[in-house]
Amino acid sequence: MPELPEVETTRRGLHPWLVGAPIAELVVREPRLRWPIDPDLGDTLRGRTVRDVLRRGKYLLLTLDTGGALIIHLGMSGSLTLAPPGTPPGPLEPFDLVFGHDRGLCVRMRDPRRFGALLYSDRPLAHPLLASLGPEPLETGFSGSYLWRRARGRTIAIRDFLLNGQIVAGIGNIYANEALFGAGIHPHRAAGRISAPRYDALAHAIVTVLEGAIAAGGTTLKDFAHSTGRPGYFQQQLKAYGRSGAPCPRCPGMIVRLTGGARSAYYCPGCQR
DNA sequence: AAGTTGACCTGAGGGC
DNA sequence: TGCCCTCAGGTCAACT
């Protein structure tokens, strides 16, 4: 689920509630996430105050008054919601972060596949998971010429190139496919065999699709929910992803699903080269 | 160095 | 109804 727009949607939903809030308790019901939750983490966090809620790629960062930060990753199927007081947790909800002097605020993690992560780091941006991430696609430093430069000599399929967080942070399979549709580029084309002007179009398409998805509150295929529990609506605007057999929105062609790789690619043979 | 594959997990959906 | 198979938004680690 959660690619950059979904994590950003989550960040925006939590930010006004968490900034300045003291952590009352970390309740861990299932420590076996991607990495086991540190058994001492609750002691580390108790009484600390949240300074800011930030995002880097697909990672959420709750910076604390310690100078460090909680690093949260939603994995494939994770979401964070503000749990109404008294709501009993379900079995697929590994932990709660309880905030406030009156313990009135509860952020609940849901993660059916347990690919998510909850870590603490004194220097989060230097953490190995974050340190090697590429530029944020919605900030300066990202451009068509940047992508073109990084792609020199690479034979990897452009779709997989975009999925590499060390090239550009936050893009997953949905938005890689949508951006390639927008730019008219075949998802299996070798990254090193795409011209600089086409990379300009691709960078533009990436920004457009990510901003559109954030405006729609993300894409909910199955699991994703806002901090309020509401789904995102960008799935109604998807032009290629998940639409195999449906008509192309741009030409008389039909969207096709390419399998064979690790993950499906969706494209229109009529207008993507 | 770059590319490919397997691994980690659970749940949903389709075919029989 | 139920069983078996395939697939799913991520990404690290091991291998060629």
Side-chain angles (χ1 to χ4, degrees), chain A residues 1-10 29-37 55-60 71-80 90-95 109-119 127-134 137 149-180 187-193 206 209-210 213-214 216-226 231-238 240-245 257-266:
Chain A
M1 131 223 185
E3 305 182 32
L4 186 154
E6 291 74 34
V7 179
E8 178 62 19
T9 295
T10 302
R29 289 174 292 271
E30 173 55 86
R32 296 175 302 168
L33 302 187
R34 168 129 203 200
W35 298 282
I37 297 175
R55 180 189 56 74
R56 178 76 174 99
K58 297 168 190 168
Y59 294 90
L60 266 181
I71 302 172
I72 302 174
H73 196 284
L74 300 177
M76 276 290 250
S77 57
S79 56
L80 289 172
L92 306 175
E93 299 175 330
F95 67 83
M109 172 80 155
R110 176 181 164 82
D111 187 9
R113 292 176 72 181
R114 293 200 274 119
F115 286 164
L118 176 67
L119 307 163
H127 191 284
L129 291 170
L130 305 186
S132 59
L133 287 179
R149 228 179 316 119
R150 293 297 303 268
R152 291 311 82 207
R154 305 288 297 266
T155 59
I156 191 172
I158 182 62
R159 193 278 311 266
D160 295 332
F161 183 71
L162 295 179
L163 291 183
N164 181 349
Q166 308 201 359
I167 301 297
V168 55
I171 298 176
N173 201 30
I174 295 178
Y175 300 112
N177 279 279
E178 289 299 298
L180 288 166
H188 283 189
R189 173 169 288 277
R193 303 283 312 271
I206 287 169
V209 71
L210 293 179
I214 291 170
T219 298
T220 296
L221 296 181
K222 197 161 63 168
D223 294 318
F224 178 66
H226 288 208
Y233 294 102
F234 194 70
Q235 63 276 12
Q236 296 166 6
Q237 298 177 53
L238 294 176
Y241 184 88
R243 296 189 68 249
S244 51
R257 180 167 80 115
L258 283 177
T259 52
R263 28 203 355 159
S264 295
Y266 298 87

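Protein chains get the first letters and strands the later ones, always in sequence-line order, with residue 1 at the start of each.
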Does any part of the side chain of [Y], heavy atoms only, come nearer than 4.5 Å to the side chain of [X], both counted from C-beta?
{"X": "A:Pro5", "Y": "A:Tyr175", "value": "yes"}
{"X": "A:Glu178", "Y": "A:Leu238", "value": "yes"}
{"X": "A:Arg159", "Y": "A:Leu258", "value": "no"}

>> Checking A:Asp160 against A:Asn164: is there a side-chain donor and acceptor pair closer than 3.5 Å?
In response: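 There is no such pair between these side chains.
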>> If the condition is ring-ring contact (aromatic ring centres under 6.0 Å, His included), which residues does A:Phe95 pass it with, not counting sequence neighbours?
In response: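 None.
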> Given the rule that a pair is Watson-Crick or G-U wobble with both distances under 3.5 Å, how would you write DNA chain B in dot-bracket, using | for pairs to a different strand?
Replying inline: .|||||||.|||||||
> For every nucleotide of nucleotides 11-16 of chain C, 5' to 3': is a protein heavy atom under 4.0 Å from its base (B), only from its sugar-phosphate (S), or from neither (-)?
Replying inline: BB----
> Touch check for A:Phe234, heavy atoms < 4.0 angstrom, all strands: base, sugar-phosphate only, or nothing?
Replying inline: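 Here A:Phe234 touches no strand at all.
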>> Please classify the nucleic acid contact of A:Arg110 as base, sugar-phosphate, or nothing, using heavy-atom distances under 4.0 Å.
In response: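 Answer is nothing: A:Arg110 stays at 4.0 Å or more from every strand.
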Quick one: [X] [atom1] to [N] [atom2], roughly how many Å, whole number?
{"X": "A:Arg243", "N": "C:dA8", "atom1": "CZ", "atom2": "C1'", "result": "19 Å"}
{"X": "A:Arg55", "N": "C:dG10", "atom1": "CZ", "atom2": "C1'", "result": "16 Å"}
{"X": "A:Leu60", "N": "C:dG10", "atom1": "CG", "atom2": "P", "result": "15 Å"}

>> Tell me whether the count of non-hydrogen atoms from other residues, nucleotides or ligands lying under 6.0 Å of CZ in A:Arg193 goes above 12.
In response: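 Not buried by this count: 12 neighbours or fewer within 6.0 Å.
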> In chain order, what residues pass the side-chain hydrogen bond (donor to acceptor under 3.5 Å, both in side chains) check against A:Gln237, with sequence neighbours excluded?
Replying inline: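 Partners of A:Gln237 by the side-chain hydrogen bond (donor to acceptor under 3.5 Å, both in side chains) criterion come out as none, since no residue qualifies.
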Please list, pair by pair, any protein nitrogen or oxygen found under 3.5 Å from a nitrogen or oxygen in nucleotides 2-4 of chain B.
unit_1, atom_1, unit_2, atom_2, d
B:dG3, OP1, A:Thr155, N, 2.6
B:dG3, OP1, A:Thr155, OG1, 3.1
B:dG3, OP1, A:Ile156, N, 2.9
B:dG3, OP2, A:Arg154, NE, 2.5
B:dG3, OP2, A:Arg154, NH2, 2.6

>> Measuring only the P atom in each nucleotide, how far is B:dA12 from C:dT11? A whole number of Å is fine.
In response: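 About 23 Å, rounded to a whole number of Å.
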>> Rounding to an integer number of angstrom, what distance separates C:dT6 and B:dG6 when you compare their P atoms?
In response: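 Their P atoms lie roughly 14 Å apart.
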Would you say [X]'s side chain and [Y]'s backbone share a donor-acceptor pair under 3.5 angstrom?
{"X": "A:Gln235", "Y": "A:Thr220", "result": "yes"}
{"X": "A:Glu30", "Y": "A:Arg32", "result": "yes"}
{"X": "A:Asn177", "Y": "A:Tyr241", "result": "no"}
{"X": "A:Glu6", "Y": "A:Thr219", "result": "yes"}

>> Check this one for me: any side-chain N or O of A:Ser77 less than 4.0 Å away from OP1 or OP2 of C:dA8?
In response: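 It does not, given that no N or O in the side chain of A:Ser77 lies less than 4.0 Å from OP1 or OP2 of C:dA8.
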N/O to N/O distances under 3.5 Å, protein versus nucleotides 10-13 of chain B:
unit_1, atom_1, unit_2, atom_2, d
B:dT10, OP1, A:Arg114, NH2, 3.0
B:dT10, O4', A:Pro112, O, 3.3

> Of all heavy-atom pairs between A:His73 and A:Met109, which one has the smallest distance, and what is that distance?
Replying inline: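 So the minimum-distance heavy-atom pair works out to O-CE, 3.7 Å.
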> Minimum heavy-atom separation for A:Leu4 to A:Pro137, with atom names?
Replying inline: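 Scanning both residues completely, I find the closest heavy atoms to be CD1-CG, 3.7 Å.
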